[in-house]
Chemist: 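I have a structure here, written as structure tokens, and I will follow up with some questions on it.
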Amino acid sequence: MLTHGIQNWIVALCVILATATLLRRYLKKSSAQNTECGNCGGCSGKIGKR
Amino acid sequence: MSDSTLRFALVGNPNCGKTALFNSLTGARAKVANYAGVTVEKRIGRLTQLDRPAELIDLPGTYSLYVASPDEQVARRVLLGEMENEVRPDALIAVVDSTNLKLGLRLVLELKALGLPMILALNLADSAERRGIRINVEELSRRLDMPVVETVAVRQSGVAALNAAIRQAQHQPQRQATRIELPQRQEQVEALYARIDTLLCGCVSVPDHPPRWQETLDALVMHPVIGLILLATILLLIFQAVFAWASPVVDAIDGSVQWLSTTLTHLLPAGILQDFIVNGVLAGCGSVLVFLPQIVILFAFILALEDSGYLPRAAFLLDRLMRGVGLSGRSFIPLLSSFACAVPGIMATRSIADPKERLITIMVAPLMTCSARLPVYALVIAAFIPKHTVLGLFNLQGLTLFALYVAGILSAALVAWIMRRQHTSDDHFPLLLELPSYRWPNAYHFLLGLKERAWIFIRRVGTVILALSIVLWFLASFPYPPAAASAPAIDYSFAGMLGKFIQPVFAPLGFNWQMCVALIPAMAAREVTVSALATVYAVGGEAALGSTLAHSWPLPVALAYLAWFVYAPQCLSTIAVVKRETNSLKTTTAFIVYLFALAYLGALATHALAIAWS
């Protein structure tokens with residue numbers, strides 16, 4: 001059984017990771033000069049190289 | 001990149017299958033469709049079967065090296081070595097539509113004058129054969145003095161032969177380039193086509209008439225009255241299908257999310273971790289994931305229409321109507337692409353030669369209802385609009401969705417008309433658009449396209465929506481309420497404080513603070529508003545959330561919320577692409593301000609009218 005302390009740590013880690021992911025994603029997007037589609041996921045024009 | 005890298009460029013008329021060949025040769029999965037102007041920016045892939053490192057550049061289609069529109073200029077500048085930071089290609093692969101050799105060979109002759117080693121790919125060889133077009137490939141190769149290969153790119157046919165020709169071409173030296181004469185006068189153009197006629201004479205035989213069924217179908221599809229009725233019927237069918245066909249699968253996913261939620265509640269000990277997983281992760285992601293079937297159905301129709309060759313005909317049909325508001329049929333494809341997502345739609349405006357028309361199209365593109373709005377519309381419609389049948393045929397929910405799409409289209413027409421009046425232009429660019437042959441959608445591309453759409457949506461739920469749901473759960477859960485608190489816990493949270501802080505701005509629209517909280521993460525992606533509502537109301541699953549909203553919001557407020565989403569530019573990607581395509585901070589600011597103003601006024605008017613009506 002997970003103690004309250006461990007539960008708190010797991011949740012805190014997830015929140016920090018989620019925040020960092022969002023920040024990284026939007027900082028990266030704002031600095032990108034030549035992205036193919038803005039990475040919005042709304043188009044199927046993505047290129048995958050073999 | 002090393003200097004020893006060989007650069008091959010794929011060049012050809014629009015819609016001759018360059019990108020399909022690019023995908024076959026490099027293993028890429030770039031978007032292909034049966035209309036001109038899908039590729040508006042060069043793409044680079046790797047060719048792995050040569051002796052040296054080599055890359056393949058897919059260029060936007062062009063009819064000639066003397067061109068006006070921004071996408072066609074990309075091809076010209078790359079080929080002439082005028083593109084900044086871009087090395088000129090070492091060899092060319094010219095792609096020609098075998099059913100329209102005469103038009104394609106004009107560009108081939110211009111390209112030949114560049115003096116680069118060249119290979120000619122006669123694509124759509126199967127369509128040419130079906131139409132009775134016979135091509136003597138060896139003779140054409142001899143006359144053009146270059147290798148000629150027949151291909152069917154979508155079926156990978158002829159790709160091995162093309163690869164062999166590419167391997168040969170890597171060792172060919174460049175020839176002396178000749179000066180390219182721009183055929184300015186009518187006689188020069190006629191002389192060019194006379195040269196093409198001589199080239200084709202004796203090695204290509206073409207039947208006198210195109211297939212009769214295509215002519216009959218065109219007469220119906222492009223008829224000014226029947227054509228419009230047909231177009232309206234197709235659109236109505238799509239929106240009916242989105243609601244009617246999706247229901248069983250939506251219910252199944254919703255049930256699974258509910259089951260998982262209940263199971264985890266029983267399995268996990270009560271506490272912060274259980275609350276986080278059930279009310280944060282599962283409620284947030286599950287409430288958006290249930291809309292997957294509707295997204296798939298919408299894209300099934302879009303992909304089938306794209307592949308069929310119907311879309312350019314619809315562009316011609318609407319050209320006259322669009323001229324009435326200051327646009328033309330040329331804006332149709334970018335605006336239609338915006339129904340999937342405004343980002344590729346705005347990029348597709350590069351095929352518009354008139355800069356003013358291009359700017360207006362960019363400004364109104366986000367008013368077309370993108371697929372990210374679908375979960376928001378579907379949630380609110382399912383919660384507030386009864387499942388009545390109208391006229392014994394139409395589903396009221398489907399009709400409401402259709403009305404929201406129409407509201408976006410009419411608003412775009414009005415904005416375009418107003419903007420065109422501000423920017424009068426003497427330039428006249430008549431609509432010249434090649435009508436492709438009708439084709440049955442290619443099953444492989446269709447299924448691949450659907451799989452990609454579904455995967456993009458699922459990945460989005462697993463990344464940005466998951467991350468936003470977690471952050472929002474944190475904001476909605478902390479700080480804890482004081483010991484003697486009487487109001488719900490969320491009232492004391494960061495989210496509650498933030499929502500109440502901005503709520504006065506939205507009070508005239510009837511929005512409560514929970515709705516205001518849900519608008520903030522929707523700036524990143526519109527559909528996140530659904531997971532945000534699930535988090536602030538602490539319910540998961542579409543049915544439960546819909547029922548909660550139906551009890552918490554009066555109908556006029558729900559309608560105002562829908563009106564807000566018709567207009568609000570709540571998508572950072574769209575704003576970023578507008579900045580990139582217009583290269584103007586002033587235009588981008590004007591874009592954001594006018595759309596938010598329209599959203600506010602639209603929601604205000606809807607709220608007031610709905611109250612007056614009820």
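Protein chains get the first letters and strands the later ones, always in sequence-line order, with residue 1 at the start of each.
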Chemist: Under 4.5 Å heavy-atom distance to chain A, tell me which part of Leu468(B) shows up: side chain, backbone, both or neither.
Modeler: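 Backbone plus side chain of Leu468(B), per the 4.5 Å heavy-atom cut-off to chain A.
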Chemist: Measuring from Ile16(A):CD1 to Ile470(B):CD1, what's the distance to the nearest 0.5 Å?
Modeler: 12.0 Å
Chemist: What residues, two or more places apart in sequence or in another chain, satisfy ring-ring contact (aromatic ring centres under 6.0 Å, His included) together with Phe591(B)?
Modeler: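 ring-ring contact (aromatic ring centres under 6.0 Å, His included) list for Phe591(B), sorted by chain: empty.
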Chemist: Could you give the distance from CZ (Phe276(B)) to CG (Asn8(A)), rounded to the nearest 0.5 Å?
Modeler: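 Separation between the atoms: 12.0 Å.
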Chemist: More than 12 foreign heavy atoms under 6.0 Å from OH of Tyr444(B): is that the case here?
Modeler: no
Chemist: Restricting to non-hydrogen atoms, name the atom on Ala467(B) and the atom on Ala18(A) that form the minimum distance, rounded to 0.1 Å.
Modeler: O-CB, 3.6 Å
Chemist: Enter the distance from Leu466(B):CG to Cys14(A):SG here, rounded to the nearest 0.5 Å.
Modeler: 8.5 Å
Chemist: So what's closer than 4.5 Å to chain A heavy atoms on Trp473(B): side chain, backbone, both or neither?
Modeler: side chain
Chemist: If you compare all heavy atoms of Pro269(B) against all heavy atoms of Gln7(A), which two are closest, and at what distance to 0.1 Å?
Modeler: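 Shortest heavy-atom contact: CG-NE2, 3.8 Å.
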